[in-house]
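What you see below is based on every heavy atom in this structure, not just the backbone, and it leaves out hydrogens, waters and symmetry mates.
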Amino acid sequence: MARINENFLKLKAGYLFPEIARRVNAFTEANSEAAKRLIRCGIGDVTEPLPDACRQAMHDAVDELGNSATFKGYGPEQGYAFLREAIVENQFAGLGIAADEVFISDGSKCDTGNILDIFGKGNVIAITDPVYPVYVDTNVMIGNTADADETGAYAGLVYLPCTPENGFVPAIPDQKVDLVYLCYPNNPTGATATRSQLEAWVAYARANQAIILYDAAYEAFIQDPELPRSIFEIEGARECAMEFRSFSKNGGFTGVRCAYIVIPKALKGYTVDGREQAIHPLWSRRHSTKFNGASYPVQKGAAAVFSEAGKAQVAALIEGYMGNAKLLREACAAAGLPVFGGVNAPYVWVGCPAGLTSWDMFDKMLNEANVVITPGSGFGAAGEGYFRISAFNTRANVEEVCRRIRATFG
Ligand SMILES: *Cc1c(COP(=O)(O)O)cnc(C)c1O
């Protein structure tokens, strides 16, 4: 009898995006004319083409593979030195990070899920609410939770509410937790964490022998020079944090696939009997056993993000998306709605008009404005009463969305 992993039966049936798709399909079937006007500002995927520098580098790499003198088979599981070195030089200069502390992968979604392989049972795990659902579901799958209640909250996780009152950066918990996921700039709220907020989290983690899993997928969108871009800008973070980064949102690699984790050699976990164990060799072993490296053309394309041309092209992409975010912020504010995020992140987090739930607002935007947004409650109970608008879109679409927001709420 082949036993299954019954933890999978605890998962809420991928509620958010399937339910959005169901409502959008019902709408388009019932309104074939209005359906032609539909603009999707829901899913957090980039829309603009790859930077030319990346595309050229991938072309060249494919040509190398087509020539016996330059052909390459399996590469190093942890990633090619040229990419690991370019990352350290361009993203972590002066922060004491070495190239062999960078592990290249095919995505941060996989990395943030797979990392749980190297942690033991019985950790108290803290996640923010609202949250990127991958952190929650991967903990459910591996057996770190009990069942969900009717609000979708899983027993065994410590939820840290993120609200306007705390600037969407959770207060330090008054209990001891062992692993904490932080994501700044944040998906879905678009919030950022200040240096002093991250200092408080690093102090907490060090005092409690906890580890911070820091997701900085949206680092490139930070505009404010005062904001920390990496957890490793905080003194002591190398002993209590790892950082997840991705080429998905800066280089537009959502379809190309390349990301990395930075795990300092100074980062320690503990055995049941309290002995220290470095995390770096555990992840190195896990990664080289279960992963055979990101493809050579993809790593060449990723390294081209750091070429002179690549930097300029990525900056232009970010500027375009952040211009969209500004327009969306202004339109929602002009409609009298409370607006958050969208200044250092490509997501605008908006309070629903009085009396409307997140799904009420979803339906209103769909039916009256023919715009698809993401209901905040889909990211966690504390997201109720909010919705997320993504700035990943063409300028023309964003301008039209802004006109429709004004017409619907003006
Ligand atoms: C988009 C995103 C990522 C990147 O995921 P990839 O698998 O690298 O495409 C990571 N974290 C968050 C919160 C994201 O929104």
Are the side chains of Lys364 and Trp359 in touch, meaning some heavy atoms are under 4.5 Å apart?
-> no
Any side-chain heavy-atom pair of Asn114 and Leu116 under 4.5 Å | no
Looking at Glu330 and Lys326, does any basic side-chain N land under 4.0 Å from a carboxylate oxygen?
-> yes
Does some side-chain heavy atom of Thr357 sit less than 4.5 Å from a side-chain heavy atom of Ser377?
-> no
Can you name the residues that form a side-chain hydrogen bond (donor to acceptor under 3.5 Å, both in side chains) with Thr254, not counting sequence neighbours?
-> Asp45
For Asp363, enumerate each residue passing the side-chain hydrogen bond (donor to acceptor under 3.5 Å, both in side chains) test, keeping only those at least two apart in sequence or located in another chain.
-> Arg23
Sub-4.5 Å side-chain heavy-atom contact between Ile87 and Ile104 = yes
Contacts of Ser32 meeting side-chain hydrogen bond (donor to acceptor under 3.5 Å, both in side chains) (sequence neighbours excluded), chain-then-number -> none
Pro338 side chain near Pro164 side chain, heavy-atom distance below 4.5 Å | no
Any side-chain heavy-atom pair of Val202 and Glu235 under 4.5 Å | no
For residues 169-179, run the donor-acceptor check on the side chains, cut-off 3.5 Å, and write out each pair with its distance to 0.1 Å, sequence neighbours left out.
residue: Lys176; atom: NZ; partner: Asn208; partner atom: O; Å: 3.0
residue: Asp178; atom: OD2; partner: Val124; partner atom: N; Å: 2.7

Would Tyr260 and Phe247 count as a ring pair (Phe, Tyr, Trp, His ring centres under 6.0 Å) if you check the C-alpha gap in whole Å, the side-chain angles of each, and the deciding distance to 0.1 Å?
-> CA-CA 9 Å; Tyr260 55 98; Phe247 292 94; 5.8 Å; yes
Could you tell me whether Glu239 and Lys268 have a side-chain N and a carboxylate O separated by less than 4.0 Å?
-> no
Could you tell me whether the side chain of Gln209 and the main chain of Ala205 form a donor-acceptor pair under 3.5 Å?
-> no
Using the ring of each side chain (for Trp, its six-membered ring), is Phe168 parallel, tilted or perpendicular to Tyr386, with breaks at 30° and 60°?
-> perpendicular
Side-chain touch Ser105/Ile261, heavy atoms, less than 4.5 angstrom = no
With sequence neighbours excluded, what pairs up with Arg388 under the side-chain hydrogen bond (donor to acceptor under 3.5 Å, both in side chains) test?
-> Asn187
Where do Val372 and Ile20 land on the side-chain contact (heavy atoms from CB on, under 4.5 Å) test, with the steps shown first?
-> CA-CA 8 Å; Val372 181; Ile20 290 174; 3.9 Å; yes
List for me each residue that meets ring pair (Phe, Tyr, Trp, His ring centres under 6.0 Å) alongside Tyr132, sequence neighbours excluded, and say none if there are none.
-> Tyr135
Using 4.0 Å as the upper bound for N to carboxylate O, is an ion pair formed by Glu219 and Lys249?
-> no
Excluding sequence neighbours, so at least two apart, what forms ring pair (Phe, Tyr, Trp, His ring centres under 6.0 Å) with Phe232?
-> none
Which side-chain hydrogen bond (donor to acceptor under 3.5 Å, both in side chains) pairs, counting each pair once, include a residue from residues 47-57, with sequence neighbours left out?
-> Asp52-Arg55
Only distances under 3.5 Å count here; give the side-chain donor-acceptor pairs of residues 342-353 to other protein atoms, sequence neighbours excluded, each with its distance to 0.1 Å.
residue: Asn344; atom: OD1; partner: Gln223; partner atom: N; Å: 2.7
residue: Asn344; atom: OD1; partner: Asp224; partner atom: N; Å: 2.9
residue: Tyr347; atom: OH; partner: Tyr218; partner atom: OH; Å: 2.8

Taking only Lys NZ, Arg NE, NH1 and NH2, and the carboxylate oxygens of Asp or Glu, determine whether Lys290 and Asp117 approach each other closer than 4.0 Å.
-> yes
Tabulate below the donor-acceptor pairs under 3.5 Å that side-chain atoms of residues 34-43 make, not counting sequence neighbours, or state none.
residue: Lys36; atom: NZ; partner: Glu33; partner atom: OE2; Å: 2.7
residue: Arg37; atom: NE; partner: Asn370; partner atom: OD1; Å: 2.9
residue: Arg37; atom: NH2; partner: Asn370; partner atom: OD1; Å: 3.2

How are the rings of Phe17 and Phe379 set to each other: parallel, tilted or perpendicular (split at 30° and 60°)?
-> perpendicular
Test log, rule side chain to side chain donor-acceptor pair (under 3.5 Å), inputs Gln197 and Thr194 = CA-CA 5 Å; Gln197 286 167 322; Thr194 63; 3.1 Å; yes
CA sep, side-chain torsions, deciding dist, call: Tyr181, Asn139, side chain to side chain donor-acceptor pair (under 3.5 Å) | CA-CA 11 Å; Tyr181 293 83; Asn139 273 288; 3.0 Å; yes
Does the side chain to side chain donor-acceptor pair (under 3.5 Å) test come out yes or no for Gln277 and Thr271, once each step is laid out?
-> CA-CA 7 Å; Gln277 167 62 49; Thr271 60; over 6 Å; no
Phe82 six-ring centre to Lys300 NZ/CZ under 6.0 Å and within 45° of normal = yes
Any side-chain heavy-atom pair from Val102 and Val88 closer than 4.5 angstrom?
-> yes
Give every residue pair that meets the salt bridge (charged side-chain N to carboxylate O under 4.0 Å, His left out) criterion with at least one member in residues 311-323, sequence neighbours excluded.
-> Glu308-Lys311
Hey, could you give me each pair passing side-chain hydrogen bond (donor to acceptor under 3.5 Å, both in side chains) that has a residue in residues 400-410? Not counting sequence neighbours.
-> Glu400-Arg403, Glu400-Arg404
Presence of salt bridge, Asp215 and Arg245, under 4.0 angstrom = no
Looking at the rings of Tyr214 and Phe244, which for Trp means the six-membered one, are their centres under 6.0 Å apart?
-> no
Derivation of the side chain to side chain donor-acceptor pair (under 3.5 Å) call for Ser284 and Gln78 = CA-CA 7 Å; Ser284 188; Gln78 286 83 355; 2.9 Å; yes
Between Gln91 and Ser230: side-chain donor-acceptor atoms closer than 3.5 Å = no
